[in-house]
S.K.: 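Next up is a structure, given as structure tokens.
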Amino acid sequence: MGALIAKMLLPTISSLVFLPAASVAAKRGFHMEAMVYFFTMFFTSIYHACDGPGLSVLCFMKYEILEYFSVYGTSISIWVTLLALGDFDEPKRSTLTMFGVLTSAVRIYQDRWGYGIYSGPIGTAVLMITVKWLQKMKEKKGLYPDKSVYTQQVGPGCCFGALALMLRFYFEEWDYPYVHSFYHLSLAVSFVLLLPKKNRYVGTGRNAAKLNCYTLCCCV
């Protein structure tokens, strides 16, 4: 009986892996991304807790609303992570971020379980990143960005991201608690790997922007 309860709680517990991802993002200066990861962790964990034994008291919202924000947070997390990887200049970065936030809200409201909720943001972001990097390569007449970005960030991050999506859409019927938990883990690892080592807009020294607990908690 205890093993069964623990198995049912796995999706809730595994949702907490987005918290280390938020911590890493904040440490690297990606404060907006950290807030999005925290938002995703909060609603995903509460959403799965509502399915767990004896945790229905945590359902402070309607189940459908928690489900919506869980999927929405995940989609936005993917979007802002890829935009951070693309390292777009302002105001393009802010504009693209808001574009993804608004369009994802509408798309997920229509269908929160279809492939498009993730393939849309991923395909759009990858296309924009590819165009930008090809233009930079043409200007530099060489590889852009550095080879280490492909070997240490893009390659491993995309592998974990692809694994997460395959688990999510093709293998959950095998054993939902375990497969979905590995999906959470793979997705969080892909976020950490794809995020650049430092946000060039965050500033340095005394001028460096900082993220406090009050600001972080405001996202929920």
Side-chain angles (χ1 to χ4, degrees), residues 4-22 25 32-83 96-125 161-191 214-220:
L4 178 61
I5 294 176
K7 182 178 179 180
M8 294 178 67
L9 290 175
L10 269 179
T12 302
I13 298 172
S14 65
S15 301
L16 300 179
V17 297
F18 293 110
L19 193 57
M32 178 189 66
E33 289 77 4
M35 293 181 68
V36 174
Y37 299 158
F38 185 82
F39 176 94
T40 303
M41 180 276 298
F42 181 82
F43 281 101
T44 301
S45 59
I46 298 299
Y47 163 64
H48 286 300
C50 291
D51 290 329
L55 296 178
S56 59
V57 67
L58 297 176
C59 300
F60 62 96
M61 291 183 178
K62 291 183 179 179
Y63 186 80
E64 293 76 13
I65 296 176
L66 293 173
E67 181 184 65
Y68 174 85
F69 282 119
S70 173
V71 178
Y72 178 69
T74 303
S75 178
I76 296 302
S77 295
I78 294 173
W79 178 250
V80 297
T81 301
L82 291 174
L83 290 185
L96 291 175
T97 299
M98 187 54 62
F99 172 78
V101 168
L102 296 176
T103 55
S104 293
V106 176
R107 178 66 181 86
I108 295 171
Y109 184 81
Q110 291 180 329
D111 178 16
R112 67 192 63 174
W113 298 117
Y115 297 113
I117 58 175
Y118 300 139
S119 63
I122 292 173
T124 304
L163 174 62
L165 293 178
M166 286 192 294
L167 292 173
R168 166 68 177 79
F169 288 106
Y170 298 108
F171 297 104
E172 279 196 343
E173 294 181 356
W174 287 12
D175 197 330
Y176 178 83
Y178 290 115
V179 174
H180 199 76
S181 297
F182 277 112
Y183 156 70
H184 287 158
L185 179 61
S186 300
L187 196 61
V189 171
S190 72
F191 292 158
Y214 175 77
T215 306
L216 186 62
C217 291
C218 283
C219 69
V220 294

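Since this is a predicted model, take the numbers as computed values, not measurements.
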S.K.: For a 4.5 angstrom cut-off between non-hydrogen side-chain atoms, does Ile76 reach Val101?
M.R.: yes
S.K.: With sequence neighbours excluded, give me every salt bridge (Lys or Arg N to Asp or Glu O under 4.0 Å) pair touching residues 64-79.
M.R.: Glu67-Arg112
S.K.: Parallel, tilted or perpendicular, judged at 30° and 60°: which one describes the rings of His48 and His180?
M.R.: perpendicular
S.K.: Give, for atom CD1 of Ile108 and atom OG1 of Thr103, the distance between the pair rounded to the nearest 0.5 Å.
M.R.: 9.0 Å
S.K.: Is the shortest heavy-atom distance from the side chain of Trp79 to the side chain of Ser104 under 4.5 Å?
M.R.: no
S.K.: Measure up the Phe38 and Phe42 rings against each other and bin them: parallel (under 30°), tilted (30 to 60°), perpendicular (over 60°).
M.R.: parallel
S.K.: Measure the CG-OG1 distance between Leu102 and Thr97 for me, rounded to the nearest 0.5 Å.
M.R.: 11.0 Å
S.K.: For residues Arg168 and Trp113, determine if any side-chain heavy atom of one lies less than 4.5 Å from a side-chain heavy atom of the other.
M.R.: yes
S.K.: Calculate, to the nearest 0.5 Å, the distance between atoms CG and OH belonging to Leu165 and Tyr118 respectively.
M.R.: 8.0 Å
S.K.: Backbone N or O of Ala164 within a donor-acceptor pair of the Ser186 side chain at under 3.5 Å?
M.R.: no
S.K.: Phe171 versus Tyr183: any side-chain heavy-atom pair under 4.5 Å?
M.R.: no
S.K.: Could you give the distance from CD1 (Ile65) to OG (Ser70), rounded to the nearest 0.5 Å?
M.R.: 13.5 Å
S.K.: Take atom CZ in Phe182; do more than 12 heavy atoms of anything else shown fall under 6.0 Å from it?
M.R.: no
S.K.: Between Ser75 and Val71 (side chain of the first, backbone of the second, donor and acceptor by atom type, cut-off under 3.5 Å), is there such a pair?
M.R.: no
S.K.: Work out which heavy atom in Met41 is nearest to a heavy atom in Leu16; give both atom names and the distance.
M.R.: SD-CD2, 3.8 Å
S.K.: Report yes or no: do Thr81 and Tyr37 form a side-chain donor-acceptor pair below 3.5 Å?
M.R.: yes
S.K.: Just so I know, are the side chains of Leu82 and Ile78 near enough to count as touching, which here means a heavy-atom distance under 4.5 Å?
M.R.: yes
S.K.: Okay, side chain of Thr124, backbone of Pro121: is any donor-acceptor separation there less than 3.5 Å?
M.R.: no
S.K.: Using a cut-off of 6.0 Å, state whether more than 12 heavy atoms not belonging to Phe169 lie near its atom CZ.
M.R.: yes
S.K.: Is it true that a side-chain atom of Ser45 and a backbone atom of Ser15 form a donor plus acceptor pair closer than 3.5 Å?
M.R.: no
S.K.: For the atom pair NE2 (His184) and CD1 (Ile13), what is the distance rounded to the nearest 0.5 Å?
M.R.: 12.0 Å
S.K.: Apply the ring-ring contact (aromatic ring centres under 6.0 Å, His included) test between Tyr63 and each candidate in Phe69, Tyr68, Tyr47, Phe43; give the one that qualifies.
M.R.: Tyr47
S.K.: What are the two closest non-hydrogen atoms of Gly73 and Thr40, and how far apart are they?
M.R.: O-OG1, 2.9 Å
